[in-house]
Each structure stands twice: as structure tokens, then as C-alpha cells.
Amino acid sequence: MEIITAVRGFKDILPGEAVKWHFVEQTARTIFSSFGFREIRLPLLEKTELFKRGIGEATDIVEKEMYTFLDKGDEYLTMRPEATAGVIRAYIEHSLFAADPVVKLFTMGPMFRRERPQKGRYRQFHQIDAEVLGSDDPQTDAELIFMLVHLLHTLGLMSLKLEINSLGCRDCRPAFRTAITEFLSGKEGELCGDCQRRLHTNPLRVFDCKVKECQQVLASAPRLLDFLCDACRDHFEEVQGTLTLYGTPFSVNSRMVRGLDYYTRTTFELTTESLGAQNAVVGGGRFDGLVKDLGGPEIAGIGFAIGMERLVSMLALADDGLDQRPLLYIAALGDGAKKKSGLICNRLRIKGIYAEIDYSGKSLKSQMKRADKLGCRYTLIVGDREMDEQIAELRDMRSSSQIKISFDKIEDYVINIAKEN
RNA sequence: GUGGGUGUAGCUCAGCUGGUUAGAGUGCCGGGUUGUGGCCCCGGAGGUCGAGGGUUCAAAUCCCUUCACUCACCCCA
């Protein structure tokens with residue numbers, strides 16, 4: 001029989017890995033809750049229109065990367081390629097803005113984009129996403145970034161580079177867009193093929209280009225930051241001032257642009273050297289027009305998305321470092337002993353003790369081997385002899401010392417050991 | 001969508017310019033101790049050599065096609 005494999009770009013997260021994911025998720029939940037963020041769980045499937053309007057019709061994501069299908073012939077649905085659009089949709093749909101002027105939300109789960117898989121890029125990938133709705137204060141920006149950096153430090157990731165930029169608002173950005181388009185039009189011939197295309201679709205993205213020639217052309221190009229209106233300039237300066245006050249190191253990268261249309265003003269990115277080409281571990285920014293664009297009131301927002309696969313792959317934890325090891329292994333020899341052992345084992349388990357047992361009926365030697373391999377602290381041996389006397393042998397696997405213990409005292413004894421360990 | 005690299009045991013890999021029953025390490029199972037783990041020793045199971053076609057007396061090895069994985073472009077978390 002031919003085996004059926006997973007879909008291209010869709011990965012299984014095996015138990016050894018899953019432990020790391022759990023650690024990251026737990027840490028995030030704890031930190032988010034002390035900053036006042038509450039979890040929201042959202043559908044994976046949304047109406048296609050949501051992403052077209054939210055992310056932008058001309059973006060690569062919407063143009064060629066979405067998993068979209070016609071549902072029963074009457075409606076286009078899309079597997080969410082990112083989380084923010086869904087969060088805002090729910091925020092508007094349930095009028096969360098009416099209950100509280102500032103709403104802080106987080107969510108985590110799978111996203112889907114149909115790209116060619118490579119290191120750090122999969123077709124199903126996972127994000128941890130946090131958003132603040134209802135505040136356009138620059139301190140909110142700084143606070144969100146501060147929390148994010150704190151989370152990454154707590155996870156042991158100290159060497160990520162934080163870059164920030166301001167994209168301006170809907171008042172000042174068009175002027176820059178015009179200026180850069182004019183500037184580049186004169187030099188179209190000097191740009192790479194991709195950039196000549198970008199010039200017409202999304203000129204700001206030329207800044208992202210890795211081709212040397214393009215970067216040379218850009219050296220004398222107008223700078224986004226010089227085009228900011230007074231309000232945006234003040235805003236950006238206060239973001240920087242607050243980050244400095246909080247002791248969060250950053251650098252301003254005036255060439256950093258984002259791939260989603262909804263971003264305004266503050267944008268930021270955390271990158272690593274250790275991941276190859278897909279070096280962005282976190283991306284985020286302000287989206288002050290998005291709520292209104294999606295049919296809600298005029299409410300400001302800012303958020304970020306952490307790439308889980310990229311983050312987890314940087315974790316220095318040993319594979320088994322977080323794996324639980326049984327406190328007790330029960331080696332049972334013979335049918336009567338197996339039944340008795342199963343009862344003991346499961347009674348311990350419901351007391352919260354991780355005990356392991358083998359029903360295979362293998363030799364004591366092979367059961368001992370297994371106990372050792374699992375890293376058990378103690379092994380309880382129950383055979384015919386023990387059944388006759390109603391007394392089991394308890395072996396300490398570290399010291400190799402062994403004591404006899406009567407059946408009716410095992411449970412209390414092991415519970416006591418558990419308290420000490 | 002475009003390029004490059006790689007596909008041999010569960011895992012990591014060796015296999016020279018084609019040559020006989022395709023190997024190692026590790027893991028798994030068993031034995032050395034008829035009821036005692038780790039270290040050591042011995043044995044065993046496990047492979048359509050990614051798939052299909054071609055060249056040849058002979059193909060894991062050479063050629064073609066195809067698929068998968070992977071890295072990079074692109075894109076982004």
C-alpha cells in the first residue's frame with residue numbers, strides 16, 4: 001500500500017517539538033495577561049472580501065498566495081493568511097469598542113499562504129498575534145514593543161535586532177509615494193526586473209530590494225521620514241523617546257516597509273541572523289485606518305505577529321529538556337501481577353503522579369531497560385514472589401538501592417516521594 | 001512561478017572511474033545474568049537503493065523523464 005503523506009508545506013509538530021511550542025505559548029499567555037491582553041479565538045475561514053479589503057487588493061498575499069475557494073457555488077471563502085483582519089472583523093461585529101475605549105487582544109494559531117516552502121517558510125505556519133485597539137498614543141506603541149521584547153527575552157532570545165520606522169499617515173504618505181515614484185521613473189532602466197514591476201504596483205517596496213544596483217539608486221532617493229507631517233513626526237519621536245525611557249534598544253530603518261497595505265505610522269520588525277533568508281521573527285505596526293475600512297468606527301490600532309516556527313527553531317532548549325519523565329515505572333511479571341500493577345499505577349496517576357507501566361509481559365531485564373530509557377526515578381517490581389507476600393520491591397534507579405514495601409503502603413509512599421522531588 | 005542541491009535501513013550516512021548475497025553507526029528486538037537498567041560483548045529483524053523508462057552481458061552507480069525534500073530568488077511571520 002502506498003502511504004499518504006502530509007500536504008506540501010504543511011508540517012507535523014511531533015511530541016518532542018510540541019513541548020517547546022507549549023512552553024512558548026504558556027510564557028506568552030502569562031506575560032500578555034499582566035499587560036492586560038485577553039485571548040480571542042477566531043475562525044480559520046473568513047469571507048475572501050475581508051482580506052481583499054483589509055490587506056489590500058494589490059498585495060502579493062491577496063494576489064497570489066491565498067487559499068481561496070468557492071463554497072457550494074455561492075460564496076468565496078479564504079483560509080486566513082494573517083490574523084489582524086479577523087481580529088478587527090470580530091471587534092467590529094461584536095461592538096467590542098462600545099464596552100471599553102481600549103481593547104487589548106491576543107490570539108494564536110495557524111495561518112495559510114501558498115508560497116514555495118523554504119527554511120522558515122511554510123504554507124501552514126503559526127502566529128502569536130497581539131493587537132491594541134482604541135489608542136493612537138505613541139506610548140501605546142512603545143508599550144506594545146516593550147512587552148514583545150520582554151517576551152522574547154523571557155524565552156531566552158536576547159540577540160534579536162529591533163528596527164522601527166514610520167510610514168506616515170494617509171495625509172502625508174501620498175506625497176512621498178508621488179515623490180518616490182517620480183524619482184524612480186527617471187531611473188527605471190537602472191532597476192532590476194522585479195523593481196520595475198514594483199514601481200507600478202507598490203513603489204515603496206523597492207526599498208526592500210536586495211539587489212545592489214537598486215540599493216545604489218536608492219541612496220539618493222527621497223527619504224520617507226522627511227515627508228512625515230508634523231503630527232506623524234511628533235508621534236514617531238515620542239515612540240522613540242518612550243522606548244529609550246524603557247531601556248529598549250532599537251534602530252531606525254527608514255527603508256523598512258511592510259507588505260500589507262493597512263500599516264500606517266509606526267512599523268517595526270525583529271530579525272535574526274540565524275535563520276537564513278527568512279529572518280523576520282516578528283513584524284508589526286500601526287493600522288489607524290483599518291477599523292474604518294472594514295466598516296467600523298474610526299478607531300486606531302496597533303499590533304504584531306510572531307512567527308512561531310521561526311521563533312521555536314531559535315530556542316536553544318534540548319529536545320528532551322522539557323519532556324516529562326515518569327517518577328515511577330512498574331515492572332509487572334505474570335498475569336496476576338499485571339492486574340495488581342495496573343491498579344496501583346492508575347491509582348497513582350489520578351493523584352497526579354506520572355507513573356508508567358508495560359503490559360507486554362517482557363522479561364524483567366527488558367522492562368528495567370525501558371524504565372532506564374524513560375528516565376524513571378524509581379522502579380517498582382511486582383512478580384509472583386511479591387504477589388505471594390503482598391510486598392513489592394522499590395528500586396531507586398540512581399542509587400541502585402532497593403527496599404521492600406508492602407502493597408498497602410505503596411500509594412502513600414510514592415505520594416511522599418513525589419512531594420520531595 | 002524561477003533557479004541550484006539532495007533522494008540508499010526508523011534516524012545519520014558510506015558505497016571509487018558500472019561487476020557477484022548493498023554496508024556502517026545509531027535506534028529497535030533478543031541473548032550473555034532461567035527476576036534486575038546504564039558500560040561491555042554476541043546475535044536478530046529491518047532496504048521496491050524516491051518512481052518510471054532507456055543504455056549494457058551486468059545499473060544504487062551512466063542517460064532521459066517524473067515526483068519528493070531542501071536552499072535561494074520572490075514574498076513575509
Side-chain angles (χ1 to χ4, degrees), chain A residues 1-3 5-9 11 14 16 55 59-66 81-84 108-129 148 160 192-195 197-198 201-202 205 208-211 256-260 263 267-272 275-285 303-314 329 331-334 337 360 362-387 392-402:
Chain A
M1 261 310 239
E2 202 173 313
I3 63 162
T5 60
V7 176
R8 180 174 173 79
K11 297 288 173 201
L14 270 17
I55 300 170
T59 58
D60 280 40
I61 293 176
V62 171
E63 240 173 28
K64 49 194 187 195
E65 294 173 2
M66 296 204 303
E82 59 104 45
T84 304
M108 37 183 88
M111 310 294 156
F112 306 86
R113 291 182 203 173
R114 201 181 181 293
E115 300 175 89
R116 186 85 168 252
Q118 74 182 71
K119 190 181 181 66
R121 187 171 79 186
Y122 309 102
R123 290 181 172 185
Q124 175 178 320
F125 61 103
H126 298 75
Q127 291 185 338
I128 296 179
D129 204 82
L148 171 62
L160 290 166
C192 70
D194 283 320
C195 283
R197 176 179 54 79
R198 288 187 186 107
T201 55
N202 194 348
R205 292 213 66 86
D208 264 351
C209 188
K210 291 170 186 168
V211 176
M256 185 182 70
V257 293
R258 313 251 73 228
L260 289 75
Y263 285 114
T267 56
F268 54 94
E269 209 169 273
L270 278 125
T271 54
T272 173
L275 235 49
Q278 307 301 319
N279 62 354
V281 180
V282 185
F304 63 74
I306 304 174
M308 280 286 276
E309 281 79 0
R310 294 178 187 181
L311 192 157
V312 167
S313 77
M314 297 178 67
Y329 185 92
L333 305 162
S360 67
K362 286 178 184 168
S363 70
L364 179 58
K365 174 176 174 160
S366 74
Q367 294 198 52
M368 292 295 290
K369 274 190 176 176
R370 184 163 159 72
D372 185 61
K373 199 184 124 201
L374 294 173
C376 300
R377 187 73 178 75
Y378 296 90
T379 300
L380 188 74
I381 299 164
V382 185
D384 293 338
R385 290 209 301 258
E386 288 74 16
M387 287 302 285
E393 300 265 1
L394 184 70
R395 182 179 181 83
D396 183 325
M397 298 298 277
R398 277 189 219 157
S399 65
S400 298
S401 60
Q402 216 160 293

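Residue numbering restarts at 1 for every chain, and letters A, B, ... go by the order of the sequence lines.
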- Item | Nearest-angstrom distance, P atom, B:C11 to B:G47 | 13 Å
- Task: Take the protein atom NZ of A:K369 and the nucleotide atom P of B:C40, then report the distance between them rounded to whole Å.
- Result: 11 Å
- Message: Of the listed nucleotides (B:C75, B:G35, B:A77), which one gets closest to any side-chain atom of A:Y263?
- Response: B:A77
- Item | d(CZ, A:R116; P, B:A77) in whole Å | 21 Å
- In whole Å, what is the span from the CZ atom of A:R370 to the C1' atom of B:C28? 12 Å
- Message: On RNA chain B, does the nearest nucleotide to A:R121 precede the nearest nucleotide to A:G284 from the 5' side, or the other way round? Give the residue.
- Response: A:R121
- Task: Tell me which nucleotide among B:A77, B:C75, B:G31 gets nearest to the side chain of A:D60.
- Result: B:C75
- Query: Do A:M397 and A:Y329 have side-chain heavy atoms sitting under 4.5 Å apart?
  - Reply: no
- Rounded to whole angstrom units, what separation is found between the NZ atom of A:K64 and the C1' atom of B:C74? 7 Å
- In whole angstrom, give me the gap between the P atoms of B:G18 and B:C63. 11 Å
- Query: So, A:R113 side chain and A:I61 main chain: donor-acceptor pair closer than 3.5 Å or not?
  - Reply: no
- Task: Could you check which residues of residues 392-401 of chain A get a heavy atom under 4.0 Å from RNA chain B? Sort them by number, please.
- Result: A:R395, A:M397, A:S400
- Task: Looking only at side-chain atoms of A:K11, point me to the closest of B:C71, B:U70, B:A77.
- Result: B:U70
- Message: So, OP1 or OP2 of B:C29: does either fall under 4.0 Å of a side-chain N or O from A:K362?
- Response: yes
- Checking B:G35, B:G31, B:G37 against the side chain of A:D372 (C-beta onward), the nearest is B:G37
- Side-chain donor or acceptor of A:R310 paired with backbone N/O of A:G120 under 3.5 Å: yes
- Mind checking A:L311 for me? I need base, sugar-phosphate or nothing, with any heavy atom below 4.0 Å counting as a touch. nothing
- Task: Specify the separation, in whole Å, of atom CD of A:Q118 and atom C1' of B:A72.
- Result: 6 Å
- Task: Have a look at A:A305 and say if it touches a base, only the backbone sugar-phosphate, or nothing, with a 4.0 Å heavy-atom cut-off.
- Result: sugar-phosphate
- Item | A:S366 side-chain proximity, nearest of B:G38, B:A77, B:G30 | B:G30
- Message: By the definition side chain to side chain contact (heavy atoms under 4.5 Å, CB included), identify the one residue from A:I128, A:L160, A:L270 that meets it with A:L148.
- Response: A:L270
- Task: Report the distance from atom CD of A:Q402 to atom P of B:U36, rounded to the nearest whole Å.
- Result: 10 Å
- Query: Does A:M111 reach the side chain of A:P81, with side-chain heavy atoms less than 4.5 Å apart?
  - Reply: no
- Message: Check this for me: does any side-chain nitrogen of one of A:E269 and A:R258 sit under 4.0 Å from a carboxylate oxygen of the other?
- Response: yes
- Message: So, does A:K365 get its side chain near the phosphate of B:G38, meaning an N or O under 4.0 Å from OP1 or OP2?
- Response: no
- Between B:U70 (C1') and A:E115 (CD): distance, integer Å: 16 Å
- Item | Side chain proximity check, A:R121 to A:R116, heavy atoms < 4.5 angstrom | yes
- In whole Å, what is the span from the CD atom of A:Q367 to the P atom of B:C29? 12 Å
- Item | Main-chain N/O of A:E393 paired with A:Q402 side-chain donor or acceptor, under 3.5 Å | no
- Under a cut-off of 3.5 Å for both distances of each Watson-Crick or G-U pair, what dot-bracket string does RNA chain B give, using [ ] for crossing pairs and | for inter-strand pairs? (((((((..((((.....[...)))).(((((.......))))).....(((((..]....))))))))))))....
- Item | Presence of salt bridge, A:E115 and A:R123, under 4.0 angstrom | no
- Message: From the set B:G37, B:C71, B:G35, return the single nucleotide nearest to any side-chain atom of A:K119.
- Response: B:C71
